[in-house]
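In what follows, a structure is listed as structure tokens, so that the remarks can point back to it.
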Amino acid sequence: MTPLTSKVCVVGDFAVGKTSVTERFVNNQFSDKYLSTVGVKIDTKEIDSQALGMMHKLVIWDVAGSDEFGATEFAYLRGASGYIFVADGTRPDTLAVVEHLHGQITQTYGPAPFVLLVNKRDLESEWIVSDEYIDALADAYENVYRTSAKTGDDVEQAIRRLAELIVEKEVRSA
Ligand code: GDP
Ligand code: MG
């Protein structure tokens, strides 16, 4: 059987860790340097899917971030099977950006599976988003993870969860 292939888009405000989370997941690496992404960067990774009983190929589009998506960014999202929304736990305004982008994307392309990563969990002293707030978010968004691209905490779990959600949706609509 050929593996299932799914396009996944990583979106969120600038410098929240979209590229770092992708790099951690795909290559298990982290860099402290900040190189802002121009346009879009595409990576692929195959995971062994329990739910599918075979490989699941994720084509990950790391879309250059900002708080407001223009027509170009929106065009990159076309055909996405799921989304990785990323916010930065040291910058609460980045969660508002996620909420805004989630609304815009759902309006344009309809609902799709997603996970929300509140990233930079390793920066405890600067971490501002409270557990209560994240629990409240989890009520609304269900799959919320506190991640660190630096240490790797929960990055793989979060993206594997997204893959499961995508498979569940495909199976339901098959
Ligand atoms: P992007 O603009 O959303 O793609 O953000 P980047 O992945 O380029 O990351 C922005 C900056 O935050 C870089 O300097 C990264 O090294 C840093 N960064 C990203 N994720 C983490 C994390 O989990 N912990 C810490 N401490 N720094 C991070
Ligand atoms: Mg980037």
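Whatever order the structure lists ligands and atoms in, that order sets their numbers, starting from 1. Reckoned from all heavy atoms, side chains included, excluding hydrogens, waters and symmetry mates.
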Which atoms of ligand 1 sit under 4.0 Å from any heavy atom of [X]?
X: Ala149; answer: 20 (N), 22 (C), 23 (O)
X: Leu123; answer: 26 (N)
X: Asp32; answer: 14 (O), 16 (O)

Contact (N/O only, under 3.5 Å) between [X] and ligand 1:
X: Ala15; answer: yes
X: Phe14; answer: no
X: Asp122; answer: yes
X: Gly17; answer: yes
X: Val21; answer: no

#### Entry: Parallel, tilted or perpendicular: ring planes of Phe114 versus His102, cut at 30 and 60 degrees
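It falls in the tilted class, 30° to 60°.
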### Message
Please identify which of these residues, Asp88, Thr90, Thr147, meets the side-chain hydrogen bond (donor to acceptor under 3.5 Å, both in side chains) condition with Asn119.
### Response
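Answer to the side-chain hydrogen bond (donor to acceptor under 3.5 Å, both in side chains) test with Asn119 among Asp88, Thr90, Thr147: Thr147.
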### Task
Assess the side chains of Asp153 and Ser148: does a donor N or O sit below 3.5 Å from an acceptor N or O?
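Result is no, nothing qualifies.
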### Message
We want to know whether Thr19 and Asp62 form a side-chain donor-acceptor pair, criterion being a heavy-atom distance below 3.5 angstrom.
### Response
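A donor-acceptor contact under 3.5 Å links the two side chains.
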### Message
Please check this pair: side chain of Lys45 against backbone of Phe25, looking for a donor-acceptor N/O pair closer than 3.5 Å.
### Response
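Such a contact is found between Lys45 side chain and Phe25 backbone.
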### Message
Going by the closest heavy atom to atom 6 (P) of ligand 1, which one wins out of Ser36, Ala87, Ser20?
### Response
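When every heavy atom of Ser36, Ala87, Ser20 is considered, Ser20 comes closest to atom 6 (P) of ligand 1.
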### Task
Work out which heavy atom in Ala158 is nearest to a heavy atom in Leu117; give both atom names and the distance.
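Minimum heavy-atom separation between Ala158 and Leu117: CB-CD1, 3.6 Å.
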### Task
Specify the closest pair of heavy atoms between Leu4 and Met54, including all atoms of both residues, with the distance to one decimal.
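The pair with the smallest heavy-atom distance is N-CE, 4.4 Å.
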### Query
Picking from Asp43, Val40, Ile60, what satisfies side chain to side chain contact (heavy atoms under 4.5 Å, CB included) with Val10?
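It is Ile60; the other options fail the test.
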### Task
Please test Val97 against Leu101 for side chain to side chain contact (heavy atoms under 4.5 Å, CB included), starting from the C-alpha separation and ending with a verdict.
CA-CA 6 Å; Val97 169; Leu101 291 174; 3.9 Å; yes
Classify the contact between [X] and ligand 1 as side chain, backbone, both or neither, using a heavy-atom distance cut-off of under 4.0 Å.
X: Asn119; value: side chain
X: Thr19; value: both
X: Ser31; value: backbone

### Contact flag Ser20/the Mg ion (ligand 2), N/O/S atoms, threshold under 2.8 Å
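No, outside the cut-off.
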